[in-house]
Structures are given as C-alpha cells and as structure tokens.
Amino acid sequence: MNYLAIKDLKQTRALRELLVREREVVLTKDGRPFALIIGVCPETLEDSLREVRRALFSNAVLQARRRALQQPPRRGEIEDEIPAARMARRGEPDSTG
C-alpha cells in the first residue's frame, strides 16, 4: 500500500502516475492515515462510488456491532430510542429535550 503526505498533493503528475500504477493511495496528515484516494474509470464512476459507499456502510455496521458486543445496551434503551427516532423521521420535535 502506498502512502502520500497531504502536502505532496501539489505534485499532480506523480499522484496520477501512482494511481495508474497502484490504483489506491492512502493520504496522510501528520503521518497518520487521513483519506483514501482510488483510481476510477469515467465509464464506471457511478458503480465505483456506489461500491465504496456500500463498503463504508458495511464497515460502520460492523463497528456498531462490535461496540454493542463490548458494551451491550441497557434494558429498555432500544425501546426508549424507537419513539424518538420515529418523531425525528416525521420532523417532530423531541419530547425529551
């Protein structure tokens, strides 16, 4: 996996060549991963974007499941949340605050 510092984004030719060769680059800020840049084809842009979004959603669900296993919700917490979520979906103000 290739890493590129955010300050090096000005080197567009080098970035383009790296993406053609590697297809993905991890962008770093202060030495820490910050973003992922992936190469795409204009013809498949929408499909690529849809797949990236699907993967990010699946990862978010996985992380939520892991958190729930580590700290299970208290009894009744889910039942308390359901009416608030339904009111928010209808655009009604929350009665709890």
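Atoms considered below: every heavy atom in the structure, side chains included; atoms not considered: hydrogens, waters and symmetry mates. Remember, it's a predicted structure, so these values are computed and weren't measured experimentally.
Residues L45 and L56 share a single hydrophobic cluster, defined by chaining ILVMFWY side chains whose heavy atoms lie under 4.5 Å apart.
Pairing each heavy atom of P73 with each of A68, the nearest pair is CD-O, 4.4 Å.
Rounding to the nearest 0.5 angstrom, the gap separating the OG atom in S58 from the CZ atom in R53 is 14.0 Å. Residue L49 holds its CG atom at 11.5 Å from CZ of R54, rounded to the nearest 0.5 Å.
A 6.0 Å sphere centred on CD of Q63 holds more than 12 heavy atoms belonging to other residues, nucleotides or ligands. Heavy atoms of other residues, nucleotides or ligands lying less than 6.0 angstrom from CD1 of I82 number more than 12.
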Practice item. Apply side chain to side chain contact (heavy atoms under 4.5 Å, CB included) to I37 and L9, showing your working. Key: CA-CA 11 Å; I37 301 175; L9 281 177; 4.1 Å; yes
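For residues 77-88, the pairs satisfying salt bridge (charged side-chain N to carboxylate O under 4.0 Å, His left out) are R74-D80, with sequence neighbours left out.
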Please tabulate, for the side chains in residues 10-35, all donor-acceptor contacts under 3.5 angstrom to protein atoms that are two or more places apart in sequence or on a different chain.
unit_1	atom_1	unit_2	atom_2	d
E22	OE1	N2	ND2	3.3
R23	NH2	G39	O	3.2
T28	OG1	L4	O	3.4

